[in-house]
Amino acid sequence: MSGTRTLAITPGRVTALKGLAMLLVAILALILPLIAPDPATTGMAVFTVMYIGLASAWNIMGGYTGYISLGHAAFFGFGAYSFGLMINHLNMAPGYLPFVLVPVAGLLTAALAVGIGWVALRTRAATFVIVTIAFMFMLQLLGENLVKLTGGGAGLALPYSHDWGGDFFNIPYYYAMLALAVLTIGVSWWIRRSKFGLGLLAIRDDEDKALAVGVPTRSFKLTAFVISAVLVGMIGAVYAYYVTYLYPQFAFDPLIGISMVLMAFLGGLGTVSGPVIGALLLEPAQMEFAYRFGASRLYLVFYAAVFLIVILLLPRGIVPSVADLVHSWRRRRQAGPTAGGSRNAPVSAGEEPPATAQQRLASP
Amino acid sequence: MSLLEVKDLSKRFGGVVAVDSCSLSVPAGSITGLIGPNGSGKTTIFNLVTGFIAPDGGEVHFKTRSIAGLGPDRIYALGIGRTFQLARIFPRLTALENMLVPVRRAGLRALLSQGQWGHEKERAMEMLAFMDISQVAGTLGGALSYGQRKLLELAAVMMAGPELVLLDEPAGGVNPALLERIAERIRQLNQQGTTFLLVEHNMGFVMNLCHEVVVVHQGRAIAKGNPREVRENPAVLDAYLGT
């Protein structure tokens, strides 16, 4: 163990570094509207924080259990429309009060998610992916055709506050989105550390084996699915209030569903910080593209390119790849010049030595 | 008294009768071996008892209650654990995490609380040490050797303290030194009160370890008794040598 003391990466220091980085990001997020109050920046911030929440919420189902839902836009749109219909039918005055409807929209989304999950979770793998997409399009069709309820293709208008003019307009929505993103990350972190979360990861690795050691897989999967959907639904509700006008093809937009998946993939599936990093990288880039090339949807080409690069070079995403690099670097430093014999832990008769960092890298 | 009682159990897959009104019992406190030629229905019997497939007919009693038709997680919760052929573990979880996955009698509250973790981790480390694999506690399951996986799978199944453990080929594909260690651990766990039912092709292993042996042939139990009786039974010789 002859690593240079000043440079050694100890687990304690990694944790401290992580904590420091999180604190900095949190402070930056809180004071962002003070540093950059122009609407162009705050507008971009609203959508970036929205996607941090969406990708993190999706990850609770898709990342932890490995059940890839490409139809989470169903819950986004449903939360948006429930919020819009409630605020309109309750004749609520715009302002801060309508934000209390956000959790109500979340509860309604929960009811929908129990129904969809009940059916969709009877399937596994590719079938599950297709069933979730089908449900999303079903809801989009309902949004278009239940004209008396939703306004159909003509859209649904929501009231907005005339007091929040100019530079201030984005600010309340920014903090609402930020609150939901923090809530989502908190829930995700807590699940990751709980026995429930361990059960979800076990389902991802080998569902039948998980059953054999007593994990009630059906109820675990459904619980994760509903938690994930509720968070997405609440974010959809704030989105509705922000954009003030809902159209079925934009609220139930398959691209929203795919974006959150791509962000989680890029950052690292099944990690807490991965979806956050993925959203922080992709959403501003995507908005920049949309801004520069107009509404040509050229950014879709960019998205496809990112997806290909991720699958080819970083199949496990940024966070796990960086973690592996740190691991192997630490091991090499620890091993030092006497790497030969001292590294192996005592091995019992006829057994291979325990895995090294290199083998960890190679494992899926 | 028998801990597990299987009566007239039947299962067919299409035209193939895998298990044909098979009856057998596992005495409490025993190590019982289930032997038979390839394709005789041993693993299907395991899958039926542990709820992975539903029987077409017959009864399975564990202690005093009927468990036929229950799901695998419910059956594990009642106290029957199992291992798989070729050792199945969770490859992307560490060995220690593998140990912490098993859930027994955990209501929602037990799952939501973090309080039990300290205690459970302690027990998991003890069990890993008992299997002589505590040095790989932090290693991902996918990076373990086959022998280590076998030991880890057995260790993890024991975490919830099952009364009966079904082992599917515990000696399959392991070297003689490890084989002896696995046999020794099974014997020790048995002395501490766990009952075992194991499927195995290694006759030396079965004859040394088991108190009682059941022979299955074409989905039926054709003989049972202590190892010596079974070895000398002409019906068993027929089944194995084929006449």
Side-chain angles (χ1 to χ4, degrees), chain A residues 11 63-64 66 187 190-221 223-224 269-271 316 320 323-324 327 331 343-364, chain B residues 50-52 71-77 81-84 88-93 95 97-98 100-106 108 110-114 116-117 120 132-136 138-148 151 153 156-157 159-160 162 174-181:
Chain A
Y64 294 161
V187 169
W190 180 81
I191 288 177
R192 181 65 183 77
R193 291 183 65 246
S194 70
K195 184 133 177 143
F196 169 59
L198 200 53
L200 297 181
L201 294 177
I203 290 170
R204 174 196 68 183
D205 270 12
D206 186 340
E207 188 165 346
D208 287 330
K209 171 70 190 177
L211 265 176
V213 288
V215 178
T217 54
R218 263 192 76 89
S219 49
F220 268 37
K221 284 185 293 181
T223 307
L269 276 190
T271 61
R316 296 168 53 214
D324 278 346
H327 257 289
R331 291 242 181 172
R343 184 167 47 176
N344 294 344
V347 184
S348 18
E351 290 256 344
E352 292 160 36
T356 62
Q358 258 60 39
Q359 281 168 299
R360 276 185 81 110
L361 264 174
S363 72
Chain B
T50 52
F52 275 88
D73 51 328
R74 294 271 299 117
I75 288 177
Y76 185 79
R82 77 170 288 185
T83 66
F84 291 87
R88 270 163 88 170
I89 45 121
F90 303 109
R92 285 182 284 176
L93 301 183
E97 285 172 329
N98 264 276
L100 298 173
V101 169
V103 178
R104 187 175 172 192
R105 288 183 198 130
L108 207 56
L111 287 179
L112 298 181
S113 73
Q114 308 273 329
Q116 297 190 330
W117 277 77
E120 260 188 66
D132 296 325
I133 48 171
S134 47
Q135 76 277 12
V136 296
T139 306
L140 291 184
L144 297 178
S145 72
Y146 182 67
Q148 288 167 336
L151 293 167
E153 189 183 30
V157 164
M159 272 301 283
V174 297
N175 66 57
L178 183 58
L179 197 66
E180 191 38 55
R181 187 153 112 208

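No hydrogens, no waters, no symmetry mates; every other heavy atom, side chains included, goes into these values. Throughout, a chain's letter reflects where its sequence line sits, starting with A, and its residues are numbered from 1.
- By the 4.5 Å heavy-atom criterion applied to side chains, B:D73 and A:T217 are not counted as neighbours.
- When each of A:A202, A:G199, A:S219, A:G197 is checked for heavy-atom pairs under 4.5 Å with chain B, A:A202 comes out on top.
- Taking every heavy atom of both residues into account, A:A212 and B:F52 meet most closely at CB-CZ, 3.6 Å.
- Scanning all heavy atoms of the two residues, the minimum distance from B:R92 to A:D205 falls at N-OD2, 2.6 Å.
- With rounding to the nearest 0.5 Å, the separation of CD in B:E97 from CG in A:L198 is 5.5 Å.
- Not counting sequence neighbours, the partners of B:R88 by the side chain to side chain contact (heavy atoms under 4.5 Å, CB included) test are A:D206, A:D208, A:K209, B:F84, B:E153.
- Proximity to chain B (any heavy atom under 4.5 Å) is shown, for A:R218, by neither the backbone nor the side chain.
- Under the rule for a side chain to side chain donor-acceptor pair (under 3.5 Å), B:T83 has no partner lying at least two apart in sequence or in another chain.
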